[in-house]
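Both backbone and side-chain heavy atoms feed into the values below; hydrogens, waters and symmetry mates do not.
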Amino acid sequence: MKQMIDLANRRKNAAGKVVEAGQDFRKEYILNHIVPEKNAEKHKNRTCHIHDMEYYDITPNCIGISVRDLIGNQSRSFSNMTHALHRKIVELTNIQSGGIGFINFDFDIASYVGDESDAEITEAFHELFLDLNMDTRKGCEKPYVTLNFGLDTSANGRRAVFFMLDAFEKGDDRGNPFIFPNLVFKMKSGINLERNTVNYDLFCRAMSVTAKRMVPTYFNCDSASNAPYPEETIGIMGCRTRVVTNINGQEGSLNRGNVACVTLNLVQMAYQANGNWDLFYELLDENLEDAKELLLHRFRTLCKKGMLEEYYDQKYYLGAKEKNAFEMLKNGTLSIGFIGLWDAVGTLMGQEITSSDIINRNYKEAYGIIGHMRNYTDKASKEEHLNFSLLASAAEGVTGNFAKYDDRNLGRDFHACKKGFYTNSFHVPVDVKINYKAKIELEGKFHKLCNGGSITYVELQEMPVRNVEAIQEIITYAYDNDCNYIGINFPMDNCMECGYTGRVADVCPYCNSDKIRRLRRVSGYLSEESSFTAGKRKELHARISHISMESAGEDKHER
C-alpha cells in the first residue's frame, strides 16, 4: 500500500511535481528490491517508518558544520562571505537528505566583520535570508538550515549577531516573516543567562525576536545530557537532531551527522497488546531489533553504494580524508525514533488521556517505555560499535498516516486513532488542558533519555510581541527543568500584500487583502499551514494553549 507522506516545506510547483513522481518511483523500487522483506512489510504496515527512503542507498541525512568548512580560509568581505556561503549551502543541501546545522555560527562569522557599517551587515544578512527562502533544494524546497549562536563574547561576534537578529525580525522586503533559517540560541550559565553576564543582552534580544517571529528556539548547553561536553562542540541540526557522543572517535556535533533514522509506531504495538504489558514489551523488543537490523542494512548499503565523493573531496565529514565510506560514516548516528508515547500508554491502560492527573498516575509506565528503548540503543551501540541513538521523532508525515492506517486495519474502536493523528514523541497530548509549568515538568525528565534529539514546546494562544517577559519565564523554567531544546509556538498570520503580522481571521485589518499566509510550527521548522499533511492539520486544530498571556510575566526570573 502506497504511503502519502508530503513535506510542509515542499512547494507545489512544476519541479515539485516531477520530484514527487521520481521520489514515489524510487521509494517503491527501494521498498520492493533493496529493503529486506521483513522490514519492508513493517514499513507498509506502518509499524516502522523508514525516513527519506528515496535516499536509502545514496546519501546520509544531516550534518553539523562550520562556515569555514564550506568556504575555506580565504579573506573575504562580510557580504562576499554571505554570498559564498549561500552558494555552498545550495551545493550541500542537494547532496544529502536532511538538515545543515552551523554549530557555532557567531564564532564562524566574527572574523569576517571589518569596517562595514551597521546597515551593510544587516543588509548582508537580509540578502542571505532572502536567498535561503528560495526553493533551491530540488527546485521545490527551501534548504533546511539551522544557525546555532549565542556564546561568542567578542565584539565582532556580538555585533554580527545583533544585526542578524535585526534582519530576521524585519523579514523580507514587505516585512513578511522568514521561514528559514532556523535560529537556535545556545544558553550557557556564566555567558548569557544571568543579568551580569556579557551576552545577557543578546539573550534578551533573541527573546524579543522570538516574541514576534517564533524564532529563535533555545538549546540548553547546561542540561544533564549536554553539560559534560564543551559548549562550543554541540548544537542542533535539523529540527531537533542532536549528535554528540561518538563510540568511534571525536565527540560533538561538528563534521558529523545522523546517517539514517526510523520511527516506531508505539500506538500500534499498544493496540496489538490489548492491555497486556508483557506482550507490549515483547512487541517493542521485536521491533527495536528489526529497526536496528534495518539501520545496519542501510548503513552497509550506503557504505557500498553511496554517492559520497563530494564529502571526500570537501572533507565535510569526520574521517572523510580516508575516502572510505565506513571510516567516515561510522562517526555518524543511526537513530531509532518513536511517536505516540501517551497515546500508547492510554491504550494499554484502557483509558483516554484527558488530564495531567491521568498522566501523573501513569508516568512511571511511560518513563519505563522510553528508558527501555534508550537502554536498547545503548546496548546496540556497544555490540555493533556504531552510534545508535534514541530520537523523540518530529514525525511530520507519519503522525496522521499511522493513525489513518491503524484505524482502517486494526478493526478496533480505539480513541487514539479516531483523533486522526498521534502526538509526537513524548509530548503531552496536544488536546490536554495543562499549564506550561506542569507540561515542562512532565516532559523535562524525558530529554536526557533521548540522546538523538528532543524538544519541548509551549503553545501560546496569541503572539506575545508585547510580553517578552512571558517568553523568558517559559524558557528559563524549561532550562531549570533539564529540557535540552525549547520552542515557543503561537499563531502567526501575515498579509502577503502589506506585511501585517498578527492574528488574522479572514482579511487583513490594514489593507483588506485576503492573501494571508498562516505560519505555524508543528514539526520543528516553521511551515505554512496550507501545506500541512491532513494529520498535522488535525493536530493543529486540536492544540490547546499552555499559558494565559494575561498572567504571563508575573513570575519573572531574576538571574
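- Side-chain contact check for E459 and Y436: no donor-acceptor pair (N or O, by modelled atom type) lies under 3.5 Å.
- Checking side-chain atoms of R518 against main-chain N and O of V504 turns up a donor-acceptor pair under 3.5 Å.
- Distance check, rounded to the nearest 0.5 Å: SG of C221 to CD1 of I191 gives 7.5 Å.
- The shortest side-chain heavy-atom distance between Y112 and S77 does not fall under the 4.5 Å cut-off.
- For NZ of K404, the number of neighbouring non-hydrogen atoms (other residues, nucleotides, ligands) closer than 6.0 Å is 12 at most.
- For M492 against K212, the heavy-atom pair with the smallest separation is SD-O, 3.4 Å.
- When atom types are taken as modelled, the side chain of R517 and the backbone of P177 share a donor-acceptor pair closer than 3.5 angstrom.
- R240 places no side-chain N or O within 3.5 Å of a backbone atom of I236 that could act as its donor or acceptor partner.
- Note that CG of L70 and CE of M81 are 11.5 Å apart. Values are rounded to the nearest 0.5 Å.
- In this structure, K439 satisfies the cation-pi test against Y457, with its NZ or CZ atom closer than 6.0 Å to the six-membered ring centre and inside 45 degrees of the ring normal.
- Between the side chain of N489 and the main chain of V458, no donor-acceptor pair closer than 3.5 Å is present.
- To the nearest 0.5 angstrom, I103 atom CD1 is 4.5 Å from M237 atom CE.
- When atom types are taken as modelled, the side chain of D222 and the backbone of S189 share a donor-acceptor pair closer than 3.5 angstrom.
- Heavy atoms only, all atoms of each residue included: A392 and S425 are closest at CB-CB, 3.4 Å.
- Between L519 and D493 there is no side-chain heavy-atom pair separated by less than 4.5 Å.
- Of the N and O atoms on the side chains of N176 and N494, at least one donor lies less than 3.5 Å from an acceptor on the other residue.
- Classified by interplanar angle (parallel below 30°, tilted 30° to 60°, perpendicular above 60°), the ring pair H49/F402 is perpendicular.
- Side-chain atoms of T263 and H51 include a donor-acceptor pair closer than 3.5 Å.
- Residues D69 and N255 have side chains that bring a donor and an acceptor to within less than 3.5 angstrom of each other.
- Salt bridge E141/K138: present, at least one basic N to carboxylate O contact under 4.0 Å.
- Taking a cutoff of 4.0 Å between a charged side-chain nitrogen and a carboxylate oxygen, E232 and K188 do not qualify as a salt bridge.
- Heavy atoms from other residues, nucleotides or ligands lying under 6.0 Å from CZ of R68 number more than 12.
- A distance of 11.5 Å separates NE2 in H83 from CZ in R76, rounded to the nearest 0.5 Å.
- D482 meets the side chain to side chain donor-acceptor pair (under 3.5 Å) test with no other residue; sequence neighbours excluded.
- The closest donor-acceptor contact from the side chain of N104 to the backbone of F107 lies at 3.5 Å or more, if one exists at all.
- Considering every non-hydrogen atom in both I359 and V428, the closest pair reads CD1-CG1, 3.6 Å.
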Check the pair T210 / V215 against side chain to side chain contact (heavy atoms under 4.5 Å, CB included), numbers first and verdict last. CA-CA 5 Å; T210 298; V215 174; 5.9 Å; no

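- Counted by atom type alone, H447 and T456 present one or more donor-acceptor pairs between their side chains at under 3.5 Å.
- In this structure the side chain of Y218 never reaches within 4.5 angstrom of the side chain of T476, judged on heavy atoms.
- A donor atom on one side chain and an acceptor atom on the other are not found under 3.5 Å apart for N156 and S154.
- Side chain to side chain, N94 and R137 fail the donor-acceptor criterion of an N or O pair below 3.5 Å.
- Contacts of D52 classified as side chain to side chain donor-acceptor pair (under 3.5 Å), with partners at least two apart in sequence or in another chain: S97.
- Judged as a side chain to side chain contact (heavy atoms under 4.5 Å, CB included), and not counting sequence neighbours, the contacts of E120 are E116, S117.
- Here Y317 pairs with nothing under the side chain to side chain donor-acceptor pair (under 3.5 Å) rule; sequence neighbours left out.
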Chi angles and distances behind the side chain to side chain contact (heavy atoms under 4.5 Å, CB included) call for I339, T399: CA-CA 8 Å; I339 187 172; T399 178; 3.9 Å; yes

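- With hydrogens and angles left out, the side-chain atoms of Q96 and T59 include no donor and acceptor closer than 3.5 Å.
- The structure places CZ of F78 at 9.0 Å from CZ of R159, a figure rounded to the nearest 0.5 Å.
- Looking only at atom types and distance, the side chain of N258 has a donor-acceptor partner in the side chain of S335 under 3.5 Å away.
- Residues L460 and P464 approach most closely at CD1-CG, 3.5 Å, considering heavy atoms.
- Two residues are said to be in side-chain contact when any heavy atoms from C-beta on lie closer than 4.5 Å; M187 and F219 fail this criterion.
- Under the 4.5 Å side-chain criterion, counting only non-hydrogen atoms from C-beta, N451 is not in contact with S225.
- Because its NZ or CZ atom is not both nearer than 6.0 Å to the ring centre of F149 and within 45° of the ring axis, K186 does not count as a cation-pi partner of that residue.
- Counting only heavy atoms from C-beta outward, the side chains of F421 and V430 approach each other to under 4.5 Å.
- Between D135 and K142 there is a salt bridge, since a side-chain N of the basic residue sits under 4.0 Å from a carboxylate O of the acidic one.
- Using modelled atom types, no side-chain atom of T241 and backbone atom of G238 make a donor-acceptor pair closer than 3.5 Å.
- With hydrogens and angles disregarded, a donor-acceptor distance shorter than 3.5 Å links the side chain of T197 to the backbone of E194.
- Panel note: side chain N192, backbone F203; no donor-acceptor pair is recorded below 3.5 Å.
- I474 places none of its side-chain heavy atoms less than 4.5 Å from the side chain of Y477.
- Side-chain polar atoms of S253 and R242 form no donor-acceptor pair below 3.5 angstrom.
- With contacts defined as side-chain heavy-atom distances shorter than 4.5 Å, the pair M214/I488 does not qualify.
- Between E169 and R213, the shortest heavy-atom contact is O-NH2, 2.6 Å.
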Identify every side-chain donor-acceptor pair in residues 122-132 under 3.5 Å, counting partners at least two apart or on other chains, and give the distances.
residue	atom	partner	partner atom	Å
T122	OG1	D118	O	2.9
H126	NE2	G171	O	3.3

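- For Q314, there are no side chain to side chain donor-acceptor pair (under 3.5 Å) partners, not counting sequence neighbours.
- Applying the ring pair (Phe, Tyr, Trp, His ring centres under 6.0 Å) test between F446 and each of Y485, F426, F338 identifies F426 as the sole match.
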Please walk me through it: do L183 and T146 pass side chain to side chain contact (heavy atoms under 4.5 Å, CB included)? CA-CA 6 Å; L183 304 181; T146 297; over 6 Å; no

Verify side chain to side chain contact (heavy atoms under 4.5 Å, CB included) between Q472 and V468, making sure each step is shown before the conclusion. CA-CA 6 Å; Q472 184 169 12; V468 179; 5.6 Å; no

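- Between the CD1 atom of I63 and the CG atom of L92 there is a distance of 6.0 Å, given to the nearest 0.5 Å.
- Here the side chain of R158 pairs a donor or acceptor atom with the backbone of V198 at under 3.5 angstrom.
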